[in-house]
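Here the structure comes first, spelled out in structure tokens, and everything after it is commentary.
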Amino acid sequence: MQTTLFEPGEPREPGVRDRLDSNTVARLDGVTGFADLREALTTLRAAYPDARLLCTYDDPDQCAYTSMHATLRLEEDAEPAEDYDFEDPVAVHRAENATLAHIAALLDDPGRRVDWPSLAGSRAAGDADLDDLVRLNSAPDRALDATVLVQRVPVDRDDLALAGIPNGYFAGDWNIFTNHAVIQRMAGHGYRHLAIGAALLAFDRPSAPSAEEAAAVVSDLIHLYGRPDAIAWHELAVLLPDRDLLVLGYAEDFGDALDLERP
């Protein structure tokens with residue numbers, strides 16, 4: 001794996017920046033799986049102890065594109081930005097941090113929060129969707145792109161790291177506030193939000209859950225995806241105690257991310 005490091009706010013060569021913005025602190029190429037990613041994050045977290053890190057997951061180009069549009073939508077009620085020189089990396093960095101702070105404040109606004117009970121069936125799933133959910137959690141590496149962007153997010157809570165890569169743009173997606181509610185709920189099960197892609201959310205945990213803890217996670221997933229009698233829920237309840245990663249689909253047809261699987 002090749003790691004290209006950036007200092008926040010430094011100028012980027014054309015083609016390297018790949019969006020997301022001037023808080024992208026690393027680009028990882030040749031990623032073979034989450035083992036590579038987590039090893040890199042251990043080093044990067046030591047370098048940025050006062051911030052949170054969030055990574056791209058599936059399809060980083062599409063993730064960045066929809067995140068840009070989700071960001072513009074969230075900026076609609078922000079204070080107008082002061083004019084600044086788009087060629088000045090320091091000014092761009094300052095403006096983008098102001099946008100990030102605005103999004104983090106929206107996520108933390110009680111009036112914007114999505115109540116967990118209201119999410120019942122919000123990602124209504126068919127048999128194929130639930131099969132894909134099992135397959136994604138059986139092999140999370142299959143949807144992890146070989147290129148990963150690592151975002152430094154200057155916030156003081158793990159759940160607010162989503163402000164660094166806001167997503168949920170299309171009508172069939174969970175929007176950023178729903179994603180945030182799910183992230184907070186999974187945190188109650190010991191999972192930290194690790195990565196977001198064009199269709200998927202990834203979480204990690206210090207250790208795999210116990211059978212009882214996994215059953216509680218599955219109960220919450222049934223709340224989100226429905227189909228309580230589906231065999232997939234039994235399969236996940238058996239699978240999760242052997243995994244310290246969790247993958248959820250936030251977009252419609254999230255199983256399409258499996259088409260990105262490695263050869």
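Position 1 is the first residue of the sequence; numbering continues from there.
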Between D58 (side chain) and A198 (backbone), is there a donor-acceptor pair under 3.5 Å? yes
Give a yes or no on whether the backbone of G249 and the side-chain of Y225 come within a donor-acceptor separation of less than 3.5 Å.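 Indeed, once roles are kept as given, a pair shorter than 3.5 Å links the two residues.
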What closest approach, in Å, do [X] and [Y] show between heavy atoms, and which atom pair accounts for it?
| X | Y | answer |
| --- | --- | --- |
| P154 | L100 | CD-CD1, 3.8 Å |
| V247 | L133 | O-CD1, 3.5 Å |
| A143 | A257 | CB-O, 3.8 Å |
| P206 | G190 | CD-O, 3.7 Å |

If the test is side-chain contact (heavy atoms from CB on, under 4.5 Å), which one of L248, V182, L130 qualifies with L221?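 Testing each of L248, V182, L130 against L221, the sole residue satisfying side-chain contact (heavy atoms from CB on, under 4.5 Å) is L248.
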Audit row: D29, T147, side chain to side chain donor-acceptor pair (under 3.5 Å) steps and yes/no: CA-CA 5 Å; D29 291 294; T147 295; 2.9 Å; yes
Heavy-atom side-chain proximity of T4 to Q2 below 4.5 angstrom: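 They are in contact (side-chain heavy atoms under 4.5 Å apart), so the answer is yes.
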Can you hop from I222 to I231 via hydrophobic side chains spaced under 4.5 Å? no
According to a 4.5 Å side-chain heavy-atom criterion applied to Ile, Leu, Val, Met, Phe, Trp and Tyr, with indirect links allowed, do L200 and F170 form part of one hydrophobic cluster? no
Pairs meeting criterion salt bridge (charged side-chain N to carboxylate O under 4.0 Å, His left out) with involvement of residues 48-57, two or more places apart: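 Passing the test, one end in residues 48-57: R52-D158.
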For the pair F34 and Y57, name the ring-plane relationship: parallel under 30°, tilted 30 to 60°, perpendicular over 60°.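 Perpendicular.
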All pairs passing side chain to side chain donor-acceptor pair (under 3.5 Å) where residues 189-198 contributes a residue, at least two apart: H189-D220, R192-D204
